[in-house]
Amino acid sequence: MELTRLRGFQDLIGPQVRAISFIEEKARALMERYAVREIRIPILERIELYVRSTGATSDIVEKQMYTVERRAESKGEGQMVLRPEGTPGVVRAYIEAGLDRSDPEQRFFYCGPMLRYERPQKGRYREFYQFGVEVFGRADAACDAELLIMIDDLRRELGLELKMELNSLGCADCRPAFRQAVLEYGRAHFAELCEDCHARLERNPLRLLDCKIDAKLAAGAPNSLDYLDEACRKHFDTVRDLLNRAGVVFEVNPRIVRGLDYYMRTTFEISSMALGAQNAVIAGGRYDGLIEELGGAPVPGIGFAIGLDRMALALLESSRKFEVAPEVAMIALGEAATARATEIAHRMRRESNLTVEMLSPDRGLKALLKRADRIGARYAVIIGDNELARGIAQVRELAHSRQQEIAIEEVAATIARELEKIASR
RNA sequence: GUGAGUGUAGCUCAGCUUGGUUAGAGCACCGGGUUGUGGCCUCGGUGGUCGAGGGUUCAAAUCCCUUCACUCACCCCA
């Protein structure tokens, strides 16, 4: 086969797509309760948006973005890229709508594909789906806590065991001192650092802290919490206190460092034990300077994104099943019966709310019953010329090989009633 | 970008070390055993450029080279 999908892209089929939809539905329902409103933003943006927000030296901007070839006659668009993450686009839309000035306190969620050119591996694809939440206009610790509680709610609804880790990176006032301390620590131990860390040191020294190779060295490195100024410390203490009151289980991990420039104060990562190396299923944090950086008013912000693909993988690792089976397989033998069966199937769905799959009528009964079994139907409704003439249908309960003749007009109601009985047991 | 592992039927894999007739199994699919009754059983059938290209050889799934893809990990990150 030569027309294969592109590397790192996936066709989501069967349980995979059902797991993702399941998470999305749960998350959407949760958004309703938290009064978070949906926002839809373009998948294509100007490259500058990410250079200025994500950070010019980040890997995302330096080597992972998909650039789009524009038509020669289009003018003034500059370099366009497929969005590698959601936050900058939402911030842009927020500013562009003038909300930062007219009505700054806003909460949005978005859902959709993101694209990054990376080497694929388990839980990492070039196109991946994110469900993200962004809250603008609130600098208070209660807001941070509310988001984390929201995440805990989702975790509970999905029945997943996840680890929540929290850190504070400090603010524009106190972070520089911390960064400087890490830099100096790194320089002092330069000879002991791994090759990757040598590169990190000047580019993004905070990254030293979550290096896997130099774990021992990182343990002795400066702790961001020791460098928090009074306001940041109080903020972080309040967040933790609110989480404890809400019964949210979390750990403080000073090594949680976000890769993107715009994060400050509260940062967090939620990971799954069920996954491989790419185990962060949710990550986010506060980014109070970002809106201003992108040309808006000085409005604070905080947000997170769920990696839906990863979350789905974790869900599929658990014992949860994502099979779907129709309640009724409709079997028609012959042309006249097919017409009648189509009517009955329609009525079952519309009036009795049953899930009904009509099987291909161009096959023998044996093959059709086999098919009904295969798709996991609970009942097979058989209508042939015999039944048609007598105004009845054979209703077969597959698991028990019980079969009864029921007046065609009564089939839908009878099955619905039986299912109700089973459900109430 | 780096490293390791793997590419044989729709799926899971055997065969490759030591080259040798028509390349196998299980599952799945289709059909018979049952003129209109599934699962279990049984008999049969469809299905393969052995990832691709080149080389060695009388002969290559098997040996050599190149290349591509997939997987996992590094890196990065959701």
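Labels below follow one simple rule: chain letters A, B, ... track the order of the sequence lines, proteins then strands, and each chain is numbered from 1.
Of all nucleotides listed (B/rA78, B/rU37, B/rC75), B/rC75 comes nearest to the side chain of A/D59.
Residue contacts shown for A/E62 are absent, as no nucleic acid heavy atom lies under 4.0 Å away. Residue contacts shown for A/I282 are limited to sugar-phosphate atoms, with no base heavy atom under 4.0 Å away. Within the nucleic acid shown, A/A372 has no heavy atom closer than 4.0 Å to any nucleic acid atom. At a threshold of 4.0 angstrom between heavy atoms, the contacts of A/E269 with the nucleic acid are absent. Heavy atoms of A/A380 sit nowhere under 4.0 angstrom from any nucleic acid atom. At a threshold of 4.0 angstrom between heavy atoms, the contacts of A/L368 with the nucleic acid are absent.
Rounded to whole Å, atom P of B/rG1 lies 12 Å from atom CZ of A/R124. Atom-to-atom, CZ of A/R396 to P of B/rG39 comes out at 10 Å; the value is rounded to the nearest Å. B/rG36 atom C1' lies 8 Å from atom CG of A/N386, rounded to whole Å. In this structure, A/F128 atom CZ and B/rC77 atom P are separated by 11 Å, rounded to whole Å. Distance NZ (A/K63) to P (B/rG1): 10 Å, rounded to an integer number of Å. The distance between atom CZ of A/R310 and atom P of B/rC76, rounded to the nearest whole Å, is 14 Å. Between the P atom of B/rC76 and the CD atom of A/Q278 lies a distance of 11 Å, rounded to the nearest Å. A straight line from CG of A/L308 to P of B/rA78 spans 14 Å, rounded to a whole angstrom.
Using the six-membered ring where Trp is involved, A/Y66 and A/F9 have ring planes that are perpendicular, over 60° apart on the 30 and 60° scheme.
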Pairs under 3.5 angstrom, nitrogen or oxygen only, protein versus nucleotides 6-11 of chain B, please.
none

If you restrict it to nitrogen or oxygen atoms, what contacts under 3.5 Å exist between nucleotides 68-72 of chain B and the protein, and what is each distance?
unit_1, atom_1, unit_2, atom_2, d
B/rC70, OP2, A/R7, NE, 2.6
B/rC72, OP2, A/K122, N, 2.9

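Judged as a salt bridge (charged side-chain N to carboxylate O under 4.0 Å, His left out), and not counting sequence neighbours, A/R116 has no contacts.
Annotation: cation-pi geometry satisfied between A/R126 and A/Y117 (NZ/CZ under 6.0 angstrom from ring centroid, within 45° of ring axis).
Using modelled atom types and a 3.5 Å distance limit, the side chains of A/T266 and A/D144 yield a donor-acceptor pair.
When side chains are defined from C-beta on, A/R349 does not count as touching A/T355, because their heavy atoms never get closer than 4.5 Å. Put simply, the side chain of A/I270 reaches to within 4.5 Å of the side chain of A/I151, judged on heavy atoms. Looking at A/I291 and A/I95, their side chains come closer than 4.5 Å, going by heavy atoms from C-beta outward. Within the 4.5 Å cutoff, the side chain of A/E146 has heavy atoms near those of the A/Y34 side chain. The shortest side-chain heavy-atom distance between A/L225 and A/S168 falls under the 4.5 Å cut-off. Side-chain contact between A/F250 and A/N244 is present, with heavy atoms from C-beta onward closer than 4.5 Å.
Judged by atom type and distance alone, A/D373 reaches the base of B/rG38 through a side-chain donor-acceptor pair under 3.5 Å.
Separating the P atom of B/rC40 from that of B/rC27 is a span of 10 Å, rounded to the nearest Å. B/rG20 and B/rU62 are spaced 11 Å apart, taking the C1' atom of each and rounding to whole Å. Taking atom C1' in both B/rU21 and B/rU17, the straight-line distance is 22 Å, to the nearest Å.
Here B/rA4 sits opposite B/rU71 as a Watson-Crick or G-U wobble pair (both hydrogen-bonding atom distances under 3.5 Å). Nucleotide B/rA60 has no partner under the Watson-Crick or G-U criteria, as no pair reaches both atom distances under 3.5 Å. Base pairing annotation: B/rU12 forms a Watson-Crick or G-U wobble pair with B/rA25, both donor-acceptor distances under 3.5 Å. Across all strands shown, B/rG36 remains unpaired; no Watson-Crick or G-U wobble contact has both distances below 3.5 Å. Using the Watson-Crick or G-U wobble rule with both distances under 3.5 Å, B/rU17 pairs with nothing in any strand shown. In this entry B/rG44 has B/rC30 as its Watson-Crick or G-U wobble partner, both defining distances falling under 3.5 Å.
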Step by step, would you call A/Q180 with A/Y227 a side-chain hydrogen bond (donor to acceptor under 3.5 Å, both in side chains)? CA-CA 11 Å; A/Q180 190 58 31; A/Y227 287 80; over 6 Å; no

Stepwise side-chain hydrogen bond (donor to acceptor under 3.5 Å, both in side chains) check, A/T57 with A/E62: CA-CA 6 Å; A/T57 61; A/E62 271 192 341; over 6 Å; no

Are A/R28 and A/E25 close enough, and set up right, to give a side chain to side chain contact (heavy atoms under 4.5 Å, CB included), and what steps lead you there? CA-CA 5 Å; A/R28 280 177 179 272; A/E25 280 161 25; 5.8 Å; no

Can you give me every donor-acceptor pair (side chain of residues 46-53 of chain A, partner residue at least two apart or in another chain, under 3.5 Å) with its distance?
unit_1, atom_1, unit_2, atom_2, d
A/R46, NH1, A/G76, O, 3.2
A/R52, NH2, A/E293, O, 2.8
A/S53, OG, A/L49, O, 2.6

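For RNA chain B, the residues of residues 401-410 of chain A within the heavy-atom distance limit of 4.0 Å (strictly under) are A/S401, A/Q403, sorted by number.
The number of heavy atoms from other shown groups lying within 6.0 Å of CG (A/N353) does not exceed 12.
In this structure, A/F131 has its ring center no closer than 6.0 Å to that of A/Y110.
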If the sugar-phosphate is the primed atoms plus P, OP1 and OP2 and the base is the rest, what is the B/S/- string for nucleotides 27-34 of chain B, using protein heavy atoms under 4.0 Å? -SSSS---

